[in-house]
Amino acid sequence: MAELANCSSCGKVFVKALRPICNDCNKEVDGKFQIVYDYLRKRENRSASLHEVHKDTEVEIDLIYKFIREGRIHLRDFPNLGYPCEKCEALIREGKLCTDCQNDIRSGLNGLKSQKEFEDRKKSRENQRITTYSSLGDRLKR
């Protein structure tokens, strides 16, 4: 169901359906996308870096990142474009994290997994030892 909300860009009240911004701001964003897209379509601009695109089109860098993340700009066609890793801000071309951050997370998870396995083995040995003592105690009572 649609609800009233304030536009996150201009603050104007609008009926929020699919977007967090009003129709006027959406038209402005679409116009900026068209400027970036037209710029990148030119053969001489296909190898432009993000900062060159920003400088030549005067479109905000964060908005260009948004276009890339939304899939409106396909990086396979533009070798020098990328967007920042969500953890370390290094430029990446796919996913949310760079390979270094992914490897850090994996190694941390593997460390936790091996620590848990060690704790489980330790607990298992302790349970076996307790079970052995009670079994012997039960035999002696008879």
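What's counted below: heavy atoms across the whole structure, side chains too, no hydrogens, waters or symmetry copies.
Counting non-hydrogen atoms of other residues, nucleotides and ligands closer than 6.0 Å to CD of Glu94 gives a total of 12 or fewer.
A salt bridge is absent between Lys123 and Glu119; no separation between the charged side-chain nitrogens and carboxylate oxygens falls under 4.0 Å. The pair Asp62-Lys66 does not count as a salt bridge, with every side-chain nitrogen at least 4.0 angstrom from each carboxylate oxygen. For the pair Glu60 and Lys32, the salt-bridge criterion is met [side-chain N within less than 4.0 Å of a carboxylate O].
Side-chain contact between Arg19 and Asn23 is present, with heavy atoms from C-beta onward closer than 4.5 Å. Using a 4.5 Å heavy-atom cutoff, the side chains of Ile92 and Leu97 are not in contact. The closest side-chain heavy-atom distance from Phe118 to Arg121 is below 4.5 Å. No side-chain heavy atom of Phe14 sits under 4.5 Å from any side-chain heavy atom of Asn6. Side-chain contact between Tyr65 and Leu91: present, with at least one pair of heavy atoms (C-beta onward) separated by less than 4.5 Å.
Note that OH of Tyr39 and CG of Asn45 are 4.0 Å apart. Values are rounded to the nearest 0.5 Å. Separation of atoms CD1 (Ile35) and CG (Leu40) is listed at 12.0 Å; rounding is to 0.5 Å. Between the CG atom of Leu50 and the CD1 atom of Ile68 there is a distance of 6.0 Å, given to the nearest 0.5 Å. Here Leu63 contributes atom CG and Phe33 contributes atom CZ; the two are 10.5 Å apart, rounded to the nearest 0.5 Å. Of the inter-residue distances, the one linking Glu52 atom CD with Lys55 atom NZ reads 6.5 Å to the nearest 0.5 angstrom. Here Lys27 contributes atom NZ and Ile21 contributes atom CD1; the two are 12.0 Å apart, rounded to the nearest 0.5 Å.
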Just distance, no hydrogens or angles: give the donor-acceptor pairs under 3.5 Å from side chains in residues 77-90, sequence neighbours left out.
from: Asn80; atom 1: ND2; to: Ser47; atom 2: O; distance (Å): 2.4
from: Tyr83; atom 1: OH; to: Gly95; atom 2: N; distance (Å): 3.1
from: Tyr83; atom 1: OH; to: Gly95; atom 2: O; distance (Å): 2.6

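Using modelled atom types and a 3.5 Å distance limit, the side chains of Asp30 and Gln34 yield no donor-acceptor pair.
Geometrically, Arg72 does not engage Tyr37 in a cation-pi contact defined by less than 6.0 Å to the ring centre and at most 45° from the axis.
With Ser107 contributing its side chain and Asn103 its backbone, the two residues share a donor-acceptor pair below 3.5 Å.
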Exercise. List the steps and the verdict of side chain to side chain contact (heavy atoms under 4.5 Å, CB included) for Val59 and Val53.
Key: CA-CA 8 Å; Val59 175; Val53 174; over 6 Å; no

